[in-house]
Undergrad: 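This is the structure, below, for whatever I ask next.
The basis for the numbers below is simple: all heavy atoms, side chains too, and nothing from hydrogens, waters or symmetry mates. Residue numbers begin at 1 in each chain, while the letters A, B, ... track the order of the sequences.
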Amino acid sequence: MNLRHLATGASLALLLPGLAACTSNSPTTGADGSDGKVTVTSSDDACEISSTEVPAGPVTFEVTNSGSKVTEFYLLGEDGLRIVGEVENIGPQLSRDLVVNVPAGTYSTACKPGMKGEGIRAGFTVTTSDTPVDAGDQANVEQAQTNYATYVKDQSDQLLTKTTEFVRLYEAGKDDEARDLYAKARVHWERIETVAESFGDLDPKMDAREADLEPGQKWTGWHRIEKDLWPQDAKDYTALTDAQRKTYGQDLLKNTTTLDSRIQKMTFTIDQIANGSRGLLEEVAKGKVTGEEEAWSHTDLWDFQANVDGAKVGYDGVRPVLVANGDKDLAKQLDTRFAELQKLLDQHKKGDGFVSYTDLTKAEVKDLSDAVNALSEPLSKLTAAVV
Amino acid sequence: MTEEETTESTSSGPSRRAMIGTGAVASAIGIAGGFTAGRATAAEPTKGAPPSPFALRGAHQPGITTPVQDRLHFAAFDVTTTSRARLISLLKEWTLAAERLMDGGPAGPIGPVEGDYRLPPDDTGEAIGLPPSRLTLTFGFGPGLFVDDEGKDRFGLAGRRPEVLTDLPHFPGDQLDQARSRGDLCVQACADDPQVAVHAIRNLARIGFGTVSVRWSQLGFGRTSSTTAGQATPRNLFGFKDGTKNVLAEEAKALDEHVWVQPDDRGGDWLAGGSYLAVRRINMVIETWDRQGLGEQESLIGRTKDSGAPLSGGQEHDDPDFAMPGKDGPIVPKDSHVAVVHPDHNDGVRILRRGYNFVDGSTDLGTLDAGLFFLAYVRDPATQFVPMQNSMAKNDAMMEYLKFTGSALFAMPPGPAEGEYIGQPLFG
């Protein structure tokens, strides 16, 4: 998953209908708004709206940019400030749909050619209708957002605690103990990996693998220390000196502290939670199931489980919203597939952790990969189903 | 008039993009505007398009006797679920997707660019703008779908497995790679454009995640046989015409005798109108072959390299005269390929060949990883394919230049009836 998804997830339903249309003012059925469809034509100096009144319920604004500048379209609350729905980045001659579920009330619309200023505004009315707009969703959404933020902060907290201890052991040359704590500490990173790695300045310093380095980039962080603790597969490896250990250890600790202080201030929207859940499974597919993440310690299955843990927490949090939105089939499918993946992972448990990745047979890796694919497909539909 | 002429004219019909848009007007605007236009009407993917050249539904599946296209993507799947319901649900989804794809539409009901902006599209999009390309999708069931390696009944189908649907025996010369062999399900995608064939397999595999996983797949780039009278016999990578004596679509009686499973055959209760597909990945030792003299090459095959005529003379389609004496024995050598596999020397048995040339790059030693992806449709593998393969292994001089690296057998059910899913009679 691209980090931008987490950072700038669209907050409301946004649809791309065909790469339509020079035929910007093509008549659309029900453009009078009675069936909840409103066409909007945003030019460089005008905002034409096919209807200024719709019944309550789902409304689709089909926004076409007929001008030469990038435009935006907003549905605003009565105060003209609260954003009910928005669609951004509509390039010249392109169309985007904005789908919002709105209760009766007074609103205003705004086209914003050039993406600056107040925009070209007009009044908009939503009349009462037979379609109920479920207010119960909002409570679920807020609950999910609060719970997820708490989880992420707690994991970050534990990451800092265990990293502090790990660095102490490593610097003290207590290698056995440090090796024992390595995967256990990283679990907390991996559970919130999509959040942790969203800080582009910290991630390359903390979690870069040797193979990821750009020419001239200094290798620091977890995996630098990993190689020093598990050098047996490394060719012509020179162990780090005590002074170097201190340098790398303190660097990791400093960055973890910075990360934690940033995470403690974060909040998450429902689409970010759902996207994060999907993103964690992508991390599994990309680096863990292939055994690339922990090239020296081979503790990939610990990370695998932690990614799945984080994805499951995110999913469980938004599940009530999913069900309230009426998508019980998707919920059922995700429940089953999470369970199937967990069952497979459980087969490789050993003590309080997992067997080494190198102990897995090709067939076992294929089975795990199949289960990750099986879960990832429906999970890719989660975000759209919960917002 | 041949079926082929008809299909070639339709294959240059409207593009996929136009078909999933609103037809001619929209596509004209798209060209004029420099980008694709047209608001999609997803539920009607083929609106404005001519009917597909091939139908998925009917007495037989397409892709067997229909004219052979130039490109292949063949995939074998392992079924990963233990749930019969999930398996059936996949076959239903595949049936709908296959119909849409063969019609030149998207894999899913929505389309590659018509859906929710935040959702992954239900079609991957690489076939946008491409014509239907005479795509055929042909589905089959391997022995592993019925019983696992321990003989356990997997989906309550064990009792319905015809005895002949079992792993092909080990043949002399087999150096099988298990990772390129066997499979519980298969899909043969043939089209005139490789991108269209790959698009179909990719999207069907995607629909299958969680129920099946791809065990292996094979690309083929040049047909090596003809299945209709109008088609010229193409050449294999040895440079020869082969499979000249193929069963053709026009030979209705021969098809019933040699290709289509009949109601009274074993498994005929669900497989009648279907066929068996024997799959062999045959690597050719290309570089060594190329060092053989032209005369040697011709006597290994039993045909001239130029016209494909049998060495006993005449034209390509003339019957070889195996009795005609040459300087040292028959002029068509007894151990030549054509002599070994000819129906006259195999109890009159014929097969429907539908194989493709393949090149999967080069080996570590720099030789081509290439050969023939052999696909043969037969009514009974035990009497048609197995004896022929054994005879070839034992007697065919060409074997020196072949390595068999993959092997599989599938039962290809009849075409689904209207409202049915693929293979429904098996699960009924």
Undergrad: When rounded to the nearest 0.5 angstrom, what distance separates CG in A:Asp370 from CZ in B:Arg215?
TA: 11.5 Å
Undergrad: Quick one, A:Lys366 and B:Thr80 - any side-chain contact, counting heavy atoms below 4.5 Å?
TA: no
Undergrad: Heavy-atom pairs under 4.5 Å with chain B: which of A:Lys381, A:Glu377, A:Glu340, A:Gln333 has the most?
TA: A:Glu377
Undergrad: Provide the closest heavy-atom pair for A:Ala374 versus B:Gly210 in the form atom of the first, atom of the second, distance.
TA: CB-CA, 3.0 Å
Undergrad: Looking at every heavy atom in both B:Tyr117 and A:Arg96, which two are closest together, and how far apart are they?
TA: OH-NH2, 3.2 Å
Undergrad: Chain B heavy atoms under 4.5 Å from A:Thr336: which part of the residue, side chain, backbone, both or neither?
TA: side chain
Undergrad: Measure distances from B:Val212 to the heavy atoms of chain A and classify the residue's part below 4.5 Å as side chain, backbone, both or neither.
TA: neither
Undergrad: Sort out for me which of A:Leu375, A:Thr383, A:Asn373 touches chain B most, counting heavy-atom pairs under 4.5 Å.
TA: A:Asn373
Undergrad: I need the B:Arg206 CZ to A:Ser380 OG distance, nearest 0.5 Å.
TA: 6.0 Å
